[in-house]
Amino acid sequence: MKEKTKKGVNIALGILTALIVAFTVCMLVFTVVSVATTRGNASLFGYKAYIVQSDSMSGVFDAGDVIVAKTPGDVTALNEGDIITFISEDPDSFGAIVTHKIRSVEKRGGETLYHTYGVANGFDDLTPVPAGNVLGVYEFRIAELGNFFAFIRTPTGYVVLILLPFVLLIALNIGRLVKSIKQYRSEKRAEREAAAAEQKRENERIAEQARADREEVERLREELRRLKERPDREGGPNDSEQ
C-alpha cells in the first residue's frame, strides 16, 4: 500500500511539473507575442496580430481584443467595406497602427487611396490611406486576449504568471533532487548493511566450518590413538603362553 501511494505521488508530481513547464513556456511565448503585436511585427504565414487600443470599431471588435489581419496579395485591389489595418497619416495619430473600415476607394494620379472610418462613430479619418500603408485585411478577433497580454506586461502579471510558476518549478525539482539524494544514500546504506550482514554470515560459516574441521581432526586423532593402543593389548597374552 505504501509503495502504491509513493508511486501515485511521483506520478502526480510528474504531471504537475509538466503542467507548470507547459504553462511557463506558454506565458513566455505570450509575452513575446504581446510585445511583437504591439510593434506590429508578428507575422505567421502572412497573418499578423494586433492589440486593439480603442473602441472606434466597437460592434466588430473592442478595446482589449486581439485581431488577426492577413497581408493582402495586392494592396491596391481592396474594396469598399473591407476592414484594413494600416499605418495612419492623420495628424493626431501619425505613425500609429489603426484598423478601420474602407468607406470608398479613390484613384489619384496612379495612386490608390482608401477613405476609412470607425464604425462606432461613423466619422471618416482625416487623411486617406495610401495603398502602401496597408498592413493587412481584418480576418477575426480573439476577445479580451489583449487585456491578458497587457496584464502579462505589468509587474504583477509577470510575477503571477511567469516568475511564480518558474520558482515553483525550481522548488519542485530541488525537492525531487533532495529526495533522490536521500533515496540514493538510503539505498547505499542498505547495500552496506546487507554486505556487512552477508560478510557476518560468511564469517560465521567459516568459523563453524573451522570448528567442525577441528572436531574432525580431534576425532581422527582419537581414532588413531585407539588403533595404536589395540595391538599392544592384543599381543600381551600371546607372549605369556610361550
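The main-chain N or O of R176 is found under 3.5 Å from a side-chain atom of S180 such that the two form a donor-acceptor pair. Using a distance-only test at 3.5 Å, with no hydrogens or angles considered, no donor-acceptor pair links the side chain of N133 to the main chain of F86. At least one donor-acceptor pair under 3.5 Å links the side chain of D90 to the backbone N or O of T127. A distance-only check finds no donor-acceptor pair linking the side chain of D82 to the backbone of I84 [under 3.5 Å]. D65 places no side-chain N or O within 3.5 Å of a backbone atom of I67 that could act as its donor or acceptor partner. At distances below 3.5 Å, not a single donor-acceptor pair connects side-chain atoms of T85 with backbone N or O atoms of T99. At distances below 3.5 Å, at least one donor-acceptor pair connects side-chain atoms of R103 with backbone N or O atoms of G122. When atom types are taken as modelled, the side chain of T154 and the backbone of G157 share a donor-acceptor pair closer than 3.5 angstrom.
The 12-atom threshold is exceeded at CZ of R225, counting heavy atoms of other residues, nucleotides or ligands nearer than 6.0 Å. In this structure, K200 places its NZ atom where only 12 or fewer heavy-atom neighbours from other residues, nucleotides or ligands lie under 6.0 Å away.
L126 approaches P91 most closely through the heavy-atom pair CD1-CD, 4.2 Å. Closest heavy-atom contact between G146 and V66: N-CG2, 3.4 Å. The two residues D55 and A63 come nearest to each other via the heavy atoms OD1-N, 2.9 Å. Heavy-atom minimum distance, V98 versus S88: CG2-CB, 3.8 Å.
With 3.5 Å as the limit, one finds a donor-acceptor pair spanning the side chains of D125 and H100.
Taking CD1 of I102 as the reference point, atom CD of E80 lies at 9.0 Å (rounded to 0.5 Å). Atom CG of L220 is separated from atom CG of L224 by 8.5 Å, given to the nearest 0.5 angstrom.
Connection of V119 to Y114 is not established within any shared hydrophobic cluster, with ILVMFWY side chains joined at heavy-atom distances below 4.5 Å, either directly or through further cluster members.
Taking 4.0 Å as the cut-off between side-chain N and carboxylate O, E204 and R201 do not count as a salt-bridged pair. Taking 4.0 Å as the cut-off between side-chain N and carboxylate O, R108 and E111 do not count as a salt-bridged pair.
Aromatic pair Y138/F61: ring centres closer than 6.0 Å.
Test R221, E215, E222, E216 against R219 for side-chain contact (heavy atoms from CB on, under 4.5 Å) and you get one pass: E216.
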Take D62 and V52 through the side chain to side chain contact (heavy atoms under 4.5 Å, CB included) test and state the conclusion after the steps. CA-CA 7 Å; D62 302 306; V52 180; over 6 Å; no
